[in-house]
Amino acid sequence: MKGNIFIHNIGTLITSREIPKNETMSSMENIEVLKEAYILIENGIIKKVGVGDFTLENSEDFIVIDAGGKVVSPGLIDAHTHLVFGGSRENEMFLKMKGYTYMDILNSGGGILSTVKATRKATFEELVEKSKKVLDNMLSFGVTTVEAKSGYGLNLETEIKQLEVNKKLDEIHPIDIVSTFMGAHAVPMELKGKEELFIDEIIEMLPEIKKQNLAEFCDIFCEEGVFSVESSRKLLNKAKEYGFKLKIHADEIVSIGGAELAGEIGATSAEHLMAISTKGIDELYENKVVANLLPATSFYLKKEYAPAREMIKKGVDIALSTDYNPGSCPSENLQLVMQIAALYLKMSPLEVFKAVTINGAKALDREREIGSIEYGKKGDIVIYDAFNPEYILYHFGISHTQCVIKNGEIVYRTR
């Protein structure tokens, strides 16, 4: 029976399988929605999806779930998090209330640099335990796959420690972890003002990270006052030579050409993009780079939101993620991100669900395995305590999750 589940009486099944776009759809609404549907999962893999009645043979070999006419979707994908870190930074919230900017705090040794200090000090076991609790919360919101970046070490020893924690969590937790090496998250205090020297140090870390198979992606914080476009190009091109796939924190605060660089180097995704230029949007579209937007960060920092409607009008694929981290988004609630996206990015329910399912998978180069409910993909499913997708976005700040299925096994249930 392990990995065998039959779900029936699904009121609304958002399969997230991409379908041909018609004249009434935006470029982000072309996903399949079925009414009165069912899903058959065998050995953890989706074997059949359909509508109407279905006679299940050998029913004793399956767990049978009556969805009660409610909404079902693929497992949600949080494709941008800073999962593993030591300490917390609640004091900075009140500094920001007094008018201190993100860069003011960073330049005074706070921000990322204070988390670096705490993460270097934390033991492997402490980081595993702390991060596991976060993953438990994420699971309760319907998340079945998470991207986790390093970047709170800024030296080889601690960067490897963070990535090894990712590896351990992937082994012990139901959620799948996709690791990203982000040693270029900030310039450490001991090398302040020596950006180029630190980039060279990060480049020297790449072969060891690759040798130990600790990360699939390489990322960098390309931003005014952090890493320039030139430094970012240098690191990411070298990472590509070592076989890493590429991501880039781009145009979060100032438009310095990070999105354009993402297109130039063939990044899988560009992240943040609140200050993206029109040319940057064009580059993402023309080079098929996923725009991974993080609206809860804008909400928390009280900053402008990324121009999602402009991107959608152009035809850019948008993903939505939490950006869970200790400084600018201390929340693991992806359903809240979905609700903020509906309210402030003006995204429709289908656009939102596409962003956290199949497009989240694209942002992780996993769209052939996860992100939609169709034959041959992993049996990652969420059943919601809601009778329509609109209600999930309307009733905000809570978890609507009723049941989470990972690889055909129930891993979370409220009733």
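Values below: every heavy atom of this structure, side chains too, minus hydrogens, waters and symmetry copies.
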Does any part of the side chain of [Y], heavy atoms only, come nearer than 4.5 Å to the side chain of [X], both counted from C-beta?
{"X": "Y384", "Y": "Q335", "result": "yes"}
{"X": "P326", "Y": "Y152", "result": "yes"}
{"X": "K167", "Y": "L214", "result": "yes"}
{"X": "V84", "Y": "T119", "result": "no"}
{"X": "M311", "Y": "L273", "result": "yes"}
{"X": "K378", "Y": "D176", "result": "yes"}
{"X": "K245", "Y": "K240", "result": "no"}
{"X": "S331", "Y": "Y300", "result": "no"}

Would you say [Y] and [X] are linked by a side-chain donor-acceptor pair, where the criterion is simply a distance under 3.5 Å?
{"X": "T115", "Y": "R89", "answer": "yes"}
{"X": "D251", "Y": "H272", "answer": "no"}
{"X": "H185", "Y": "D219", "answer": "no"}
{"X": "E32", "Y": "T15", "answer": "yes"}
{"X": "E195", "Y": "S228", "answer": "yes"}
{"X": "N292", "Y": "E271", "answer": "yes"}
{"X": "D323", "Y": "T297", "answer": "yes"}
{"X": "T414", "Y": "Q402", "answer": "no"}
{"X": "N155", "Y": "T158", "answer": "yes"}
{"X": "E304", "Y": "S298", "answer": "no"}
{"X": "E159", "Y": "S150", "answer": "yes"}

Worked check of side chain to side chain donor-acceptor pair (under 3.5 Å) between K149 and N166: CA-CA 9 Å; K149 304 178 192 294; N166 286 349; over 6 Å; no
Stepwise side chain to side chain donor-acceptor pair (under 3.5 Å) test for S16 and S372: CA-CA 5 Å; S16 291; S372 60; over 6 Å; no
Working for salt bridge (Lys or Arg N to Asp or Glu O under 4.0 Å), residues E374 and K377: CA-CA 6 Å; E374 52 186 315; K377 289 195 173 183; 3.6 Å; yes
N-O pairing of E129 and K132 below 4.0 Å: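 Looking at K132 together with E129, the answer is no, because their closest N to O distance does not fall below 4.0 Å.
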From [X] [atom1] over to [Y] [atom2], what is the distance, rounded to the nearest 0.5 angstrom?
{"X": "E204", "Y": "I199", "atom1": "CD", "atom2": "CD1", "answer": "12.0 Å"}
{"X": "I340", "Y": "L393", "atom1": "CD1", "atom2": "CG", "answer": "11.5 Å"}
{"X": "I202", "Y": "D200", "atom1": "CD1", "atom2": "CG", "answer": "10.0 Å"}

Test ring pair (Phe, Tyr, Trp, His ring centres under 6.0 Å) applied to H80 and Y324, step by step: CA-CA 8 Å; H80 179 129; Y324 171 74; over 10 Å; no
From CA spacing to verdict: side chain to side chain donor-acceptor pair (under 3.5 Å), S328, N325: CA-CA 6 Å; S328 59; N325 74 82; 3.0 Å; yes
Positive for side chain to side chain contact (heavy atoms under 4.5 Å, CB included) with M25, one of I31, I19, L350: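 The option that passes is I19.
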Stepwise side chain to side chain donor-acceptor pair (under 3.5 Å) test for S179 and E216: CA-CA 6 Å; S179 278; E216 182 176 339; over 6 Å; no
Trace of the ring pair (Phe, Tyr, Trp, His ring centres under 6.0 Å) decision for F227 with F221: CA-CA 6 Å; F227 295 104; F221 191 0; 7.9 Å; no
Geometric class of the Y38/F6 ring pair [parallel <30°, tilted 30-60°, perpendicular >60°]: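 It falls in the tilted class, 30° to 60°.
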